[in-house]
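Structure record follows, encoded as structure tokens.
Just so it is clear, the structure is predicted and the values come from calculations on it, not from any experiment. In what follows, every heavy atom counts, from backbone to side chain, and hydrogens, waters and symmetry copies are set aside. Naming convention: chains lettered A, B, ... in sequence-line order (proteins, then strands); numbering from 1 in each chain.
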Protein chains: 2
Amino acid sequence: MSQRHTDVTGHVDEGQACAILDVLNRVSGKWSIAVLIRTAGGPVRFTELERSIEGISRRMLTLTLRNLERDGLITRTVYPTVPAKVKYTATDMARELYDHLVGLTAWAERHGPAVVASRAAYDRAAAAPAT
Amino acid sequence: MSQRHTDVTGHVDEGQACAILDVLNRVSGKWSIAVLIRTAGGPVRFTELERSIEGISRRMLTLTLRNLERDGLITRTVYPTVPAKVKYTATDMARELYDHLVGLTAWAERHGPAVVASRAAYDRAAAAPAT
DNA sequence: CGGGATCCGGATGGATACTG
DNA sequence: CAGTATCCATCCGGATCCCG
């Protein structure tokens, strides 16, 4: 993992793809990023997340939190009060990761329209009869 | 899409997550990145890809290429020779995207071990009996 | 050679009812 | 409040056969 992945020609080897794919799979879940965003600013409670994420089910929120916690991207803190209280916070590692993801957003904003257009054109061509 | 997604406090809104997720889903396929890497250097033939990607099936290669083409990330060129010949090349847009993905690799290399460790610790704790 | 069509299994994600 | 358990729909990816 500490070896270089590019040679003098700038060519990239297969390991590169694996590394990228690995981190990608970690956050490519439908809700992972939403959770990361909301926990990056400090501790947030379960219900807070459930209400703010709009559309997420209890189950998916739990699963997402579990996976992120497992990977060390968020920390879970339980307050043993009478009505149980749990807060989640993104770790520094996660915040750093998120910064990189923001770089992707820049790309999305620059080329998003082009992608949409390309897609529309492609679909139109595919739907076009032989005529 | 051209609006800013962060306010003065640095807080991020929901649109941000959608934008990231959008581009993420585009390349999070199991083979997309592998194809992108190989086509970034110039035109590559279908069979070339099939042999170099090792483990990919004809179907998945086709599907991956189709999706990337649809999104305008690769261009497809058909040479109407007797045995049909087709070449694929990553577009500039795709190369730019790939550059951002490389940034994620840096993160993966820095924190990969930590993630693996965290995961192992988590699993060990989960497997531990009540004793 | 470069695909398309079909079938299939596993993983992913959603809805909801139940619980400490 | 913060989950867990269960059931179900969908999608992704693989294998295989067929076609121009």
### Task
Would you classify A/Tyr79 as touching base, sugar-phosphate or nothing, given that sugar-phosphate means primed atoms plus P, OP1 and OP2, and contacts are heavy atoms under 4.0 Å?
nothing

### Task
Pick base, sugar-phosphate or nothing for A/Thr62, based on heavy-atom distances below 4.0 Å to the nucleic acid.
base

### Message
Strictly under 4.0 angstrom, non-hydrogen atoms only: write out the protein contact profile of nucleotides 7-20 of chain D, one letter per nucleotide from the 5' end, B, S or -.
### Response
------BBB-----

Rounded off to whole Å, could you give me the [atom1]-to-[atom2] distance for the [X] and [N] pair?
X: A/Ile53; N: D/dA2; atom1: CD1; atom2: C1'; value: 15 Å
X: B/Glu50; N: C/dG4; atom1: CD; atom2: P; value: 13 Å
X: B/Leu24; N: C/dT12; atom1: CG; atom2: C1'; value: 16 Å
X: A/Leu61; N: C/dG13; atom1: CG; atom2: P; value: 13 Å
X: A/Phe46; N: D/dT4; atom1: CZ; atom2: C1'; value: 10 Å

Please report the closest heavy-atom contact between [X] and [Y], naming both atoms and the distance.
X: B/Ala114; Y: A/Met93; value: CB-SD, 3.9 Å
X: B/Ala108; Y: A/Val23; value: CB-CG1, 4.2 Å
X: A/Ile33; Y: B/Ile20; value: CD1-CG2, 3.3 Å

### Task
For A/Thr91 and A/Gly72, indicate whether the former's side chain and the latter's backbone hold a donor-acceptor pair under 3.5 Å.
yes

### Message
Donor-acceptor check, side chain of B/Thr62 to backbone of B/Arg58, threshold 3.5 angstrom: yes or no?
### Response
yes

### Message
Show me the pairs that pass side chain to side chain donor-acceptor pair (under 3.5 Å) and involve residues 71-85 of chain A, at least two apart or across chains.
### Response
A/Arg26-A/Asp71, A/Asp71-B/Arg119

### Task
Choose from D/dG3, C/dG3, D/dC1 the nucleotide whose nearest atom is closest to any side-chain atom of A/Arg45.
D/dC1

### Query
If you check the A/Pro83 side chain, which of D/dT4, D/dC1, C/dG3 turns out closest?
D/dC1

